[in-house]
Number of protein chains: 2
Amino acid sequence: MLTSTEEDYIKAIYKIAQYQGDKTVSTKNIALELGTSSASVTDMIQKLSDKQLLYYEKYYGVSLTKDGQSTVLKLLRKHRLWESFLHDTLGFSWDQVHEIAEQLEHVQSDELIDRLDRFLGNPKYDPHGDPIPNSNGSFTFRPQCTLAEVKEFHKELHITGVRKHDSGFLQYLSEQKLTPGKSIRLIAVNHFSKMHTIKTDDGSEVQLSMDIARDLLVKTI
Amino acid sequence: MLTSTEEDYIKAIYKIAQYQGDKTVSTKNIALELGTSSASVTDMIQKLSDKQLLYYEKYYGVSLTKDGQSTVLKLLRKHRLWESFLHDTLGFSWDQVHEIAEQLEHVQSDELIDRLDRFLGNPKYDPHGDPIPNSNGSFTFRPQCTLAEVKEFHKELHITGVRKHDSGFLQYLSEQKLTPGKSIRLIAVNHFSKMHTIKTDDGSEVQLSMDIARDLLVKTI
DNA sequence: AATTAAATTTAGATTTGCCTAAATTATTGT
DNA sequence: ACAATAATTTAGGCAAATCTAAATTTAATT
Ligand SMILES: [Mn+2]
Ligand SMILES: [Mn+2]
Ligand SMILES: [Mn+2]
Ligand SMILES: [Mn+2]
């Protein structure tokens with residue numbers, strides 16, 4: 001049984017590893033992600049290494065063991081199912097759900113989470129488009145790329161998710177009606193400003209900066 | 001902002017006070033209720049007294065202040081709404097909900113609890129028949145008594161709740177189909193064994209011991 | 001290669017919640 | 001009224017999670 005603090009460390013390590021393509025994760029990045037001191041991180045990674053959840057080589061950072069991986073997948077399942085509940089059932093906007101799910105994910109009850117899953121209709125993706133692992137911890141990646149990587153114009157694209165979860169970014173996107181499931185087309189990319197012009201469902205055109213385009217995930221139909 | 005441990009102490013004190021008719025609550029009873037040592041309780045009640053949640057006189061026990069009262073009512077609201085969700089929405093049996101609600105009640109978000117309330121249709125009572133305070137902390141007691149106190153026979157009674165919440169007791173009652181909302185009649189009370197004979201909805205007769213009768217709450221129609 | 005800078009670990013302390021054992025106060029029984 | 005008993009508090013300590021400051025190691029720069 002892990003404390004919620006230990007769970008949050010494991011999740012932070014997974015997130016950083018994911019982001020930087022599975023290299024070893026540094027003490028400093030964990031401290032930055034969790035807003036703690038490096039000294040605290042060193043203490044905790046030593047403890048988690050003792051518990052066989054991390055591989056840890058002094059001064060060279062950590063990576064998750066098989067046990068650490070399965071721990072994090074169960075947590076992501078819980079987090080994303082709670083986000084789906086908050087969004088789909090209670091009507092929270094997608095920029096409000098993360099903070100509350102951050103607490104709910106630590107509630108201990110396997111039956112609770114399986115019943116929640118069933119009640120929600122076994123959703124495959126959360127409100128941000130992130131995949132929800134099943135009770136065995138497996139989930140399917142879907143073919144997707146960032147809007148910035150799209151090379152063909154005028155082709156129909158489906159918004160599948162986002163690569164950033166801060167509420168300002170999410171609020172901006174929902175104001176522009178750019179949420180998972182919505183269909184768009186890339187009209188033009190300005191060579192100097194890198195601004196992306198897209199056309200939405202209802203025919204209106206929207207300008208998106210390169211920064212936005214790099215964090216918006218889409219799928220070609 | 002209270003820790004979940006502090007919240008559990010406040011709840012325990014409220015529960016004991018309720019049970020013993022609002023006298024001052026002793027260190028020992030709190031320790032028994034929470035399964036800790038008296039020394040730990042002394043530490044905590046000193047802290048909660050500093051925070052103005054308790055009146056505390058050394059060697060003479062504690063009672064809740066106005067702040068303590070409103071804290072506990074918010075907590076009971078959360079606890080009972082979560083129990084209703086687990087029971088009514090997710091289909092947990094009434095003997096399973098308490099333990100999980102014990103965790104969920106500590107999640108911090110006023111909007112969450114108000115949305116949950118609305119989603120559930122603003123229920124007035126939880127699965128055990130306990131009243132759910134509204135967002136101002138007020139709730140209405142309903143006229144009820146224990147089955148053991150009923151003096152008239154053959155009169156229609158509605159089951160309104162229970163005075164004990166341990167899962168063995170609750171399981172026994174649901175096996176006998178004696179849950180809140182069900183209608184029964186008292187047929188006889190044996191003068192020696194104190195066994196209560198009741199007739200249920202469907203006409204079948206059930207024998208209940210005095211212990212059960214004392215913890216089953218009913219209302220005359 | 002040597003020096004500087006950056007990252008990491010260790011040392012020492014703090015807070016929260018808990019414990020046992022000892023000291024103190026209140027209650028009970030004769 | 002006083003001794004025995006029960007309840008409560010205090011003393012001293014421990015584990016978890018955090019911090020700052022100092023020491024150590026690795027990485028980067030001249
Ligand atoms: Mn969390
Ligand atoms: Mn999400
Ligand atoms: Mn609790
Ligand atoms: Mn209840």
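Letters go in sequence order (proteins before strands), and every chain restarts at 1.
Residue B/Ser40 places at least one side-chain N or O closer than 4.0 Å to OP1 or OP2 of C/dC19. For the pair B/Tyr56 and D/dT9, the criterion of a side-chain N or O lying under 4.0 Å from OP1 or OP2 is met.
In the model, B/Asp95 has a side-chain atom that pairs as donor or acceptor with a side-chain atom of B/Ser93 under 3.5 Å. If you check the side chains of B/Thr65 and B/Asp67, you find no donor sitting under 3.5 Å from an acceptor.
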Taking N or O atoms only and anything under 3.5 Å, show me the protein contacts with nucleotides 24-26 of chain D, one pair per line.
unit_1, atom_1, unit_2, atom_2, d
D/dT25, O4', A/Tyr59, OH, 3.3

Pairs of donor and acceptor atoms involving the side chains of residues 79-92 of chain B, under 3.5 Å and at least two apart or interchain, shall be tabulated with distances.
unit_1, atom_1, unit_2, atom_2, d
B/His79, ND1, B/Glu105, OE1, 2.8
B/His79, NE2, B/Glu83, OE2, 2.8
B/His79, NE2, B/His98, ND1, 3.1
B/Arg80, NH1, B/Pro131, O, 2.7
B/Trp82, NE1, B/Leu104, O, 3.4
B/Glu83, OE1, B/His128, ND1, 3.0
B/Glu83, OE2, B/His98, ND1, 3.4
B/Ser84, OG, B/Arg80, O, 2.9

Practice task
Apply the test salt bridge (charged side-chain N to carboxylate O under 4.0 Å, His left out) to residues B/Arg77 and B/Asp114: give CA-CA distance (whole Å), side-chain angles for both, the deciding distance (0.1 Å), then the verdict.
Solution key: CA-CA 10 Å; B/Arg77 171 173 163 77; B/Asp114 288 344; 2.9 Å; yes

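Rounded to an integer number of Å, the gap from CD of B/Glu57 to C1' of D/dA7 is 15 Å. Taking atom CG on A/Asn29 and atom C1' on C/dA6, their separation rounds to 13 Å, with Å as the unit. Going from atom CE of A/Met44 over to atom C1' of D/dA15 covers 12 Å, rounded to whole Å. If you take CD of A/Gln46 and P of D/dA16, they are 14 Å apart, rounded to a whole angstrom.
Few gaps surround CZ on A/Arg142; more than 12 heavy atoms of other groups in view lie less than 6.0 Å from it.
A donor-acceptor pair is defined here as one N or O able to donate and one able to accept, closer than 3.5 Å; such a pair exists between the side chain of B/Gln103 and the backbone of A/Gln108.
Counting only heavy atoms from C-beta on, B/Thr5 has its side chain closest to C/dC18 among C/dC18, C/dT9, D/dT10. In this structure, the nucleotide among C/dT9, C/dA7, D/dT10 sitting nearest to the side chain of A/Lys28 is C/dA7.
Taking a 4.0 Å limit (strictly below) on heavy-atom distances, residues 30-38 of chain A reaches DNA chain D at A/Gly35, A/Thr36, A/Ser37.
In terms of position on DNA chain D, the residue among B/Val25 and A/Tyr9 whose nearest nucleotide sits closer to the 5' end is B/Val25.
Among the protein residues, B/Thr27 comes within range of the sugar-phosphate backbone only, with heavy atoms under 4.0 Å from sugar or phosphate atoms but none that close to a base.
With rounding to the nearest 0.5 Å, the separation of CD in B/Glu99 from CG in A/Leu112 is 11.0 Å. Atoms OG1 and CD, from B/Thr24 and B/Glu57 in turn, are 8.0 Å apart once rounded to the nearest 0.5 Å.
With respect to B/Glu33 and B/Lys11, no salt bridge is recorded, no charged nitrogen being found less than 4.0 Å from a carboxylate O.
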